[in-house]
Structure formats: C-alpha cells, structure tokens
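See structure below.
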Amino acid sequence: MLSMQFIRENADRVRHDMLLRNTAAPVDRILQLDEERRQLLQQVEHLRARRNVASKAIGASRDRAEREVQITEMRLVGEEIDRLDSQLRKVEQELQEKLLDVPNVVDPSVPPGPDEHSNVVVEQVGAIPAFDFPPRPHWELGPLLDGIDFDRGVKMSGSRFFVLRGGVARLQRALIQLMLNEHTAAGFTEHYLPDMLSEESLYASGQLPKFRDNLYRDAEEDYYWIPTAEVAFVNLYRNEIIPAGRLPLRFVAHTPCFRREKMSAGRDVRGIKRVHQFEKVELFVYCEPEQSEGELELLVRRARLIPELLGLPYRLVQLCTGDLGFNATKTFDVEVWSPGVGEWLEVSSASNCLDFQARRANIRYRPTPEAGARHPHMLNASGLALVRTLIAVLENFQQPDGSVLLPEVLRPYMGTDLLTPPA
RNA sequence: GGAGAGGUGCUGGAGUGGCCGAACAGGCACGCCUGGAAAGCGUGUAGGGGCGCAAGUCCCUCGUGGGUUCGAAUCCCACCCUCUCCGCCA
C-alpha cells in the first residue's frame, strides 16, 4: 500500500503510473476522503481534549452542584463525539478500502506497454538445442518414462493434478535440493514455513482483497493455502520493528504453492505447465531502501544461476509497465526454453516491491539503535518454480528413445546419469 | 475438544474507576565520580496520528473489537493467543 502522505504529495505521479499499468485508481476520491478524514479528526480530537480536561476537573472537584453541571455538559459533548466519530470511521473505512486497492508505483526505468507483448527480452543465454528427431513434449515423455501419471492425478483430485513417480519424482527432489544448496551457500537462510496462513496474513501481503479468486481456503477455519512462499515471508515480520544492524535479511524456502487458476480454465490444460499444486523454491529479501536496487540484481543473478548450472537455454525478460504485478515496482522474469511444448516457460519472477508490502504488513526497522523506525524494502524471486524446471530438464535433455541424459550437476543427487523408459 | 490460570512498556512485575502512558526493579544510553573500571549518584529510555516552518501541542494505544461511565489498564460482553492438567495424535 502507498502511504497517504505519498499520494497527497505525488498525486500526479500516482495517476500517471496507474495509466502505465493499464488500471484505474480512484485517486481523486482518495484525496477527498483524506481531506474529510483530517477535518473530522480535528473536530473529534478537539472535543476529546475538552472532555479530558473537564473529566479531570470533575474528579478533583468537591462541589457537588458544580460537578452535576459539568457532567451534564460532558454528556452532551460525549454524544457529539460519538456522532462525529462514527462519521470519521465511515470515512476511514472507505479510505482504507480504496488505499488497499491501489497498486504500487512504477519504477521509471520500466519499459512502457499495455501487456506482456511489450515485455523486453534483456538477454538470451544458451543455444536452443537442435534435435535430429522431433522432441517430445513432457506429456508424452513423462508417461513414456513412467514418471508422470496424469490419469491417476486427475482420478484422485481432478483436472490439473498429476503424480510424479520413480526417477522423475526423484528428479524433482534433486532439483529442490540443488537449488536450496546453492542459495544457502550464497548466504540465504533456509526456512520451513506454514503452508496455510490466516486471512489477515493474505491481506498484509496484498493477495487479498483483490485476488480472492486465485486462493484456496479452508471451509471452516481461517486458513488460506499459500499461492507462494512470498506470502509467508512477508508475514514473517508482520507488526514488528526489526532492530538495527540486521538488514539485509536474505531468506530461502521450499514450499508447495496452491493456485485456483480459475481464470484460465481451458487454457494450458495439456501437461503440467499450469497446475493447482506445485513446488517452488522462493528467495526473499528484507533490506534498507538504499539497497533494494542492488538486491534485485542479486536476486536475478540467483535465479538465472539455476538454468545456467543445469545447462538450460533461458532468457531474461523485463516486464513492461502493463504486465507488472500489483505489489511490484520492477520485475524481471527468467524463462527457460521448452523444446517439446515449443515455448518459453516462466520459472522465476524477481520483483522489487519497495516498501509497499512493508507498509501494508506494518513492518519497520531501525537504521541505528537510536533512530526512528522506517519501512524496509522487500523483494522476492522464485529460485525456481519446480514443475516447469522439471519439464525443461526432461524435454531439453531427451534422447531419441525417450531416455533423459541428466545434467552433470544433478548426477550426485540422482545416483545415475540417465533416466530410461521401463523395459 | 474439556477444565483451570493468564495476556501491562526492552524485560520482570505493580496497579480493581479520576492523582496511571502507567509505581518499583532490571536492562540499555548519557553524565558525574575514578588513573581506569566496578560500585554509587543523577538524567533519559514505546508506537501511531492531527495541527504547526519550528519549538511544541493535542488525540489514540495496557492482547483485539465492542459496551457501561462525565471519566476505563481497572467494570461488562465477544473473540484471539499463551500456560497447566485431561483427551487425541505424527
């Protein structure tokens, strides 16, 4: 969430950025509500101050008649306070709702554009492999290896669920292990996190109220299944003041992610590119505002390291203004090549969210032990999303007979260098 | 899930209607003392918000949200959380 003060002082910038994002925000209404709020607040506080003084006098007074007069008077003042206060609350509630609906501002360096077609490919690394046979998509390769079982996944849970088996299941575990090892070696602290969070937590991280349709929730209790570990990491320090000297905090966790994907019913149904449950290794940073630009670069380096280690062709894409997520001011995607599907798969999204989430989640830090608290900047990146990375490994390193020649780095984790179809 | 106890500042812990944004102790910071230190003494030590150029000033916050009252940390209601015992369980 943006601060009211920021909107007040930068109304034109906010309006402009909303246009860039291709969304609308009720900036004028917000400014109006803010004005009303402050007026009402002044009136209420003035009356409260008056009552506080009078109440003290009543407590100290010996004179019975005098007290009665004042009590009667204050009773009226109290009623007036109640009246104004309920108006104030109404205004504050609407203001809060509107404020929660406004996305983050856009970093000036972000290329303009209405949608993903204007995203900019910053760099492409690794040659797209040339096959002397038609490469199979993973929905053929997986069953051929007896490693992906679509039918039974669907039987158990429904569309967009799947089962991994044998060497392919192990491959996923190996990838997770590799990623965690690489990132922890670089100083990111490993976490095990709850996969279910309270509604309040989902608000704090910006998933709610806007993206309710994408979330799974428990029917009886106040639990939402996380759509990404980012949500948990944002809430890790909710309502806290981080003491001086701790930042930057660099975290990593492997968690499942649960997504409704309601909007895309009928799209991308083939294979396991878009599913309701997948594993992801997530990177997360809390840092001082002055550091966040550098930290974003670090996160991008961490994310692209993985396809580099695996020898997967990938490209780095900068999202244009219209494709930015709600929380992000600047985002880079890492996409790996999928020769079977014949397209680039997004496996990471690295975003700087500035203090947008910190404000929403009421997280602050002290620059020095004596200094006042400020909001830290928060950044996140996948490092990487699992099924898609798995798909890419299978498809890129497939052999004519359907076996998969595993990348060097994975062999210690796999205990073999080849996945082969059963005899 | 059942029974009981409890949630106060950086920490411990007082406080059952006005003198309490909060005693006292500890911690921490600064100052005095000292050759230096310890001890001792003194001072300071929450967050948010409104108005103001500022100094400052006012409002709110004692788990959260309501209520009673001229006035609530203190009384009432609901909820959340923690602890102990029982039940259940990986």
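Every chain is numbered from 1 and lettered A, B, ... according to where its sequence line falls, protein lines coming before strand lines. All values reported here derive from a predicted model rather than from experimental measurement.
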Discussion item. So, applying side chain to side chain donor-acceptor pair (under 3.5 Å) with A:Asn119, which one of A:Asp333, A:Thr331, A:Asp323 is it?
Written reply: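 For A:Asn119, the side chain to side chain donor-acceptor pair (under 3.5 Å) test succeeds with only one of A:Asp333, A:Thr331, A:Asp323, which is A:Asp323.
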Worksheet item: So do A:Gln399 and A:Val404 actually touch side chain to side chain, heavy atoms under 4.5 Å?
Response: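 No - every pair of side-chain heavy atoms lies 4.5 Å or more apart.
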Counting only Watson-Crick pairs (N1-N3 plus N6-O4 or O6-N4) and G-U wobbles (N1-O2, O6-N3), all under 3.5 Å, who is the partner of [N]?
{"N": "B:A5", "answer": "B:U82"}
{"N": "B:G56", "answer": "B:C51"}
{"N": "B:G31", "answer": "B:C41"}

Fill in: Contact pattern, 5' to 3', of nucleotides 68-82 of chain B - B, S or - by protein heavy atom under 4.0 Å
--BS-----------
Practice prompt. Compare side-chain N and O positions of A:Arg359 against OP1 and OP2 of B:G48 and report whether any pair is under 4.0 Å apart.
Written response: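 For B:G48, OP1/OP2 do not have a side-chain N/O of A:Arg359 under 4.0 Å.
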Worksheet entry | Phosphate OP1/OP2 of B:C51: any A:Arg38 side-chain N/O under 4.0 Å |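 So the side-chain polar atoms of A:Arg38 do come within 4.0 Å of the phosphate oxygens OP1 or OP2 of B:C51, strictly under.
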Discussion item. Between P on B:C58 and CD1 on A:Ile81, what's the gap in Å once rounded to a whole number?
Written reply: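 Going from CD1 in A:Ile81 over to P in B:C58 covers 16 Å.
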Discussion item. Please give the distance between the P atoms of B:U84 and B:A29 as a whole number of Å.
Written reply: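 Nearest-Å result for B:U84 against B:A29 at atom P: 35 Å.
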Worksheet item: How about A:Phe233 and A:His191: are their ring centres within less than 6.0 Å of each other?
Response: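 A:Phe233 vs A:His191: aromatic centres under 6.0 Å.
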Discussion item. Please check if the number of heavy atoms outside A:Glu290 that lie under 6.0 Å from its CD is greater than 12.
Written reply: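 Atom CD in A:Glu290 is packed in, count exceeds 12.
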